[in-house]
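Computed over heavy atoms, backbone and side chain alike; hydrogens, waters and symmetry mates excluded.
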Amino acid sequence: MKRTIMSLIGAAAALGAVTGVAAVAAPDGQRATPAEGASRRPVERSALLCPPPTSSEVGDTTYTAFTPEGTGGKAGSQGTAGLLPAPSGKQPDGKGGKGKEGAGQGQQGAQAGADPVAPLKKPGTPVTATTDRADAPALAGTADGALAPGWTVQQTTSVAAGNGRGLLGLSCAAPDTDFWFPGVSTAKDRQDYVHLTNPDDTPAVVDLDLRGKDGRLKAASGENITVPPHSTVPVLLSTLTGTPAQDAALHVVAREGRVGASVQAADAKLGGDWLPAAADPAPGAVLPGIPADATGVHLVAVAPGKEDADLKVQLATPNGLITPAGLETLHVKSGMTASADLQDLTKGEPGSLVLTPAGSSKAPVAVALRVTRGKGDKQEMAFIPATGPVAQRATVADNRDKGSTLSLVAPEKGKDAKVTVTASAGSGGGTPVSKTYTVKGGSTLAVEPPRPQGLKGSYALTVTPAAGSGPVHAARTLALPQGALPAFTVQTLPDDRGTVVVPTAGEDLGLLLK
């Protein structure tokens, strides 16, 4: 991210704006404890971006928006929250829009009087919207006031047939400047598109970098991709390089502006799903929510730094941490990817993968899993990227009366985690219900989550850790079978960053004398 030197006046203004930006919370949900003289306050504005859901003529998409109750927001402001269409910024040459003409077209399309999608009226009540359009656009939106803290939107698409059939789920993401996607592929049996969406009034310029088991993949293109304002640009990863790579990692960097980035993967045999960005590279990783009936678990890791990484591999089962047979450690060379086929790792029990530095290794890694259910021509895949702990609160919006499983993992042995899970019904009706769970340190707890009493329609789940409990990571599996096909999707629940730590400011005229 570019840095500029600000004057003292500019610095003071920027400090005052901290309370209004959700992205300044601790990275990946790490616990941010207010220092002396600081306080934790709700954010005043949140931004989310949803990519185009599908190009299939037999796809149905549901958007579910939700803001949890209890955080507050700016006093006296109920707030607004909604999403608007972001038209395609792709030009006939397959690249992003160029110059002022492309920028103007994108901004006009996003603001041409379109009705907001899934607008919220109040916290605590999910709102849904549906579409079966094959040309449904990307969506970009903001929430402010009391609707900003923890605003989340779930995009769930069911594709009945064709390449990429199955259930595709995605939690719409906040814009940023840097993303890692371990687990992408440029092989002939996969079609992976990265969707880049620009929420701002100025163009964004993006570089795409692919890494494989031997390092950077030779690319004929991928630099200086322009994403016009309020527009989205899809890029087929196999067009960036002539080198097929099954287990690759994609690095997305916005050199100018910021974007939302998500990868849609379609496999000729395993169906399709969204691959969200992994947690920021770190020396360890937690990947929660491997289903009990998983028939395949495939791990891909990349070491983006200048040092090799060595990782200790453990599976957090309902009964504690175990080491998978034949994979005690994983070595990842600097600038390269490494993969491991863990097959039916869970052996009929739910689990979560826990990776910790082996020996003296401190090199950061980005990690993701591809999980498969079913056999033969009735297989379906989903992705589980590494995710940070739930520090204050996390939410997943689209849960159904049947088919939802909540996975909670306390990765540190001896540090139990206690969480309260609240189920909130939509406008169809239902009384909110809360239930408290204790997760033993070093184990995974997979439960059928509580459902609102008198539920009609979908509902939202909010996970709140108890003060002083051990770290906990969470994921939700949504299974909606399509005949004999075990269609499913998994969404991790990182911290919602609904609050930020704000230092107490005061006058110090001595600064002017230094």
Requested in this report: Apply side-chain hydrogen bond (donor to acceptor under 3.5 Å, both in side chains) to the pair Ser443 and Asn319, showing each step before the final yes or no.
Outcome: CA-CA 6 Å; Ser443 74; Asn319 299 312; over 6 Å; no

Report task. Take Leu455 and Asp401 through the test side chain to side chain contact (heavy atoms under 4.5 Å, CB included) and record every step on the way to the result. Result -> CA-CA 8 Å; Leu455 175 67; Asp401 185 37; 4.0 Å; yes

Report task. Take Lys121 and Val127 through the side chain to side chain contact (heavy atoms under 4.5 Å, CB included) test and state the conclusion after the steps. Result -> CA-CA 9 Å; Lys121 302 293 185 182; Val127 173; 5.7 Å; no

Query raised in the report: side chain to side chain contact (heavy atoms under 4.5 Å, CB included) between Asp247 and His298: does it pass, once the steps are laid out?
Result: CA-CA 10 Å; Asp247 298 318; His298 192 75; 2.9 Å; yes

Query - Derivation of the side chain to side chain contact (heavy atoms under 4.5 Å, CB included) call for Val367 and Leu355 - result: CA-CA 9 Å; Val367 192; Leu355 306 177; 3.8 Å; yes

Query - Test side-chain hydrogen bond (donor to acceptor under 3.5 Å, both in side chains) applied to Thr128 and Thr62, step by step - result: CA-CA 7 Å; Thr128 61; Thr62 298; over 6 Å; no

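When side chains are defined from C-beta on, Pro51 counts as touching Gln155, because their heavy atoms get closer than 4.5 Å. Using a 4.5 Å heavy-atom cutoff, the side chains of Leu478 and Arg400 are in contact. At a threshold of 4.5 Å between non-hydrogen side-chain atoms, the residues Val43 and Arg497 do not count as touching. Side-chain contact between Ser339 and Val300: present, with at least one pair of heavy atoms (C-beta onward) separated by less than 4.5 Å. Between Leu240 and Leu217 there is no side-chain heavy-atom pair separated by less than 4.5 Å. Residues Leu208 and Val252 are in side-chain contact: their nearest non-hydrogen atoms beyond the backbone lie under 4.5 Å apart. Side chains of Thr462 and Arg393 form a contact here, defined as non-hydrogen atoms less than 4.5 Å apart. Val390 is not listed as a side-chain neighbour of Val419, based on a closest heavy-atom distance of 4.5 Å or more.
The main-chain N or O of Ala316 is found under 3.5 Å from a side-chain atom of Thr444 such that the two form a donor-acceptor pair. The backbone N or O of Thr387 sits less than 3.5 Å from a side-chain atom of His473, completing a donor-acceptor pair. In this structure, Asp273 contributes its side chain and Gly169 its backbone to a donor-acceptor pair below 3.5 Å. Here the side chain of Glu380 pairs no donor or acceptor atom with the backbone of Gly271 at under 3.5 angstrom. Looking only at distances, no side-chain donor or acceptor of Ser407 sits under 3.5 Å from a matching main-chain atom of Ala446.
Here Arg133 pairs with Asp135 in a salt bridge; the nearest charged N to carboxylate O distance falls below 4.0 Å.
Between Phe181 and Phe179, the two ring planes are parallel [angle under 30°; tilted spans 30° to 60°].
Judged as a salt bridge (charged side-chain N to carboxylate O under 4.0 Å, His left out), the pairs with a partner in residues 405-425 (not counting sequence neighbours) are, in order, Glu412-Lys415. Listed by first and then second residue, the salt bridge (charged side-chain N to carboxylate O under 4.0 Å, His left out) pairs involving residues 177-198 are Arg190-Asp192 (not counting sequence neighbours). Under the salt bridge (charged side-chain N to carboxylate O under 4.0 Å, His left out) criterion, no residue pair touches residues 52-66, with sequence neighbours excluded. Sorted by first and then second residue, the pairs that involve residues 476-485 and meet side-chain hydrogen bond (donor to acceptor under 3.5 Å, both in side chains), not counting sequence neighbours, are Ser158-Gln482, Asn399-Arg476, Arg476-Gln491. Here disulfide (SG to SG under 2.5 Å) pairs that include residues 149-178, with residues two or more places apart or in two chains, are Cys50-Cys172.
Across all non-hydrogen atoms, the minimal contact from Gly164 to Ala266 is CA-CB, 3.8 Å. Minimum heavy-atom separation, Pro182 to Leu275: O-CD2, 3.5 Å. Heavy-atom minimum distance, Pro304 versus Trp180: CB-CZ2, 3.3 Å. When all heavy atoms of Gly124 and Ser424 are compared, the pair lying nearest together is O-CB, 3.6 Å. Of all heavy-atom pairs spanning Thr346 and Pro291, the tightest one is OG1-O, 3.5 Å. For the residue pair Gly260 and Leu49, the shortest heavy atom distance occurs at N-CD1, 3.2 Å.
Distance check: Thr405 OG1 to Phe488 CZ gives 11.0 Å after rounding to the nearest 0.5 Å. A distance of 12.5 Å separates CG in Leu327 from NZ in Lys312, rounded to the nearest 0.5 Å. Taken to the nearest 0.5 Å, the CG atom of Leu315 stands 6.5 Å off from the CG atom of Leu353. Atom OG1 of Thr61 is separated from atom CG of Asp132 by 8.5 Å, given to the nearest 0.5 angstrom. Here OG1 of Thr499 is found 7.5 Å from CG of Asp496. Values are rounded to the nearest 0.5 Å. The OG1 atom of Thr64 lies 3.5 Å from the CG atom of Asp398; values are rounded to the nearest 0.5 Å.
Under the 3.5 Å distance criterion, with hydrogens and angles disregarded, no donor-acceptor pair is assigned to the side chains of Thr186 and Ser238. Using modelled atom types, one finds no donor on one side chain facing an acceptor on the other under 3.5 Å when comparing Thr420 with Ser434. For Gln314 and Thr323, the side-chain atoms include no donor-acceptor pair closer than 3.5 Å.
Checked against salt bridge (Lys or Arg N to Asp or Glu O under 4.0 Å), Asp344 has the following partners two or more places apart in sequence or in another chain: Lys347.
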